[in-house]
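See structure below.
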Amino acid sequence: MILNNSSNKDAALEKNLHSLLKRSMLILNKNNIHQIPIEIGEEFDEAKHNAVSTIDTDEYESGCIITVLKNGYSLNEKILRYTLVVVSN
C-alpha cells in the first residue's frame, strides 16, 4: 500500500510539473520569448549556440552538436540566452 501511494504521488507531481512547464512556455510565447530550436547533429552556430565542451566521436562530423545542456531563448530574434551545447571534435 505504501509503495502504491508513493508512485501515485510521484505521478501526480510529474503531471503537475509538466502542466506548470507548459503554462510557463505559453506565457513566454505570448510575450514573444521563444525557445531556440535545436536538433542533435545540427551544425554548431556561434550566433545562437555556446559550446561548453568538445568530444571526440566518429558518430558525428566535426562541429556538430551532440548534446544540449541548456536550452536557449530569444526575444524578437535577439538572443536572451544562448543554447549551451557539447560539440563533436
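Bear in mind that the values here come from a model prediction, so they are computed numbers and not experimental data. Just so it is clear, the values below take in all heavy atoms, side chains as well, and ignore hydrogens, waters and symmetry mates.
Taking the side-chain hydrogen bond (donor to acceptor under 3.5 Å, both in side chains) definition, one finds that Asn16 meets it with nothing, sequence neighbours left out. Legend: residues meeting side-chain contact (heavy atoms from CB on, under 4.5 Å) with Thr67, ordered by chain and number and at least two apart, are Leu69, Val86. Taking the ring pair (Phe, Tyr, Trp, His ring centres under 6.0 Å) definition, one finds that Phe44 meets it with His49, sequence neighbours left out.
Among pairs with a residue in residues 24-48, those fulfilling side-chain hydrogen bond (donor to acceptor under 3.5 Å, both in side chains) read Asn29-His34, Asn32-His34, Asn32-Asn76, Gln35-Asn71, at least two apart in sequence or across chains. Here ring-ring contact (aromatic ring centres under 6.0 Å, His included) pairs that include residues 56-89, with residues two or more places apart or in two chains, number zero.
No continuous path of ILVMFWY side-chain contacts below 4.5 Å connects Met25 to Ile36, so the two sit in separate hydrophobic clusters. Under the 4.5 Å side-chain heavy-atom criterion for Ile, Leu, Val, Met, Phe, Trp and Tyr, Ile38 and Val52 are members of the same hydrophobic cluster. Cluster membership for Leu80 and Leu21, using ILVMFWY side-chain heavy atoms within less than 4.5 angstrom, is shared.
The hydrophobic cluster analysis finds Leu26 isolated: no Ile, Leu, Val, Met, Phe, Trp or Tyr side chain comes under 4.5 Å of it, directly or through other members.
In this structure, the separation between OG1 on Thr83 and CG on Asn50 is 9.0 Å, given to the nearest 0.5 Å. Note that the OG atom of Ser74 and the NZ atom of Lys78 stand 11.5 Å from one another [nearest 0.5 Å].
Between the side chain of Thr54 and the backbone N or O of Val87, no donor-acceptor pair lies under 3.5 Å.
Smallest separation of non-hydrogen atoms from Gly41 and Cys64: O-SG, 3.5 Å. Among all heavy-atom pairs drawn from Ile66 and Ser88, the shortest one is CG2-CB, 3.9 Å.
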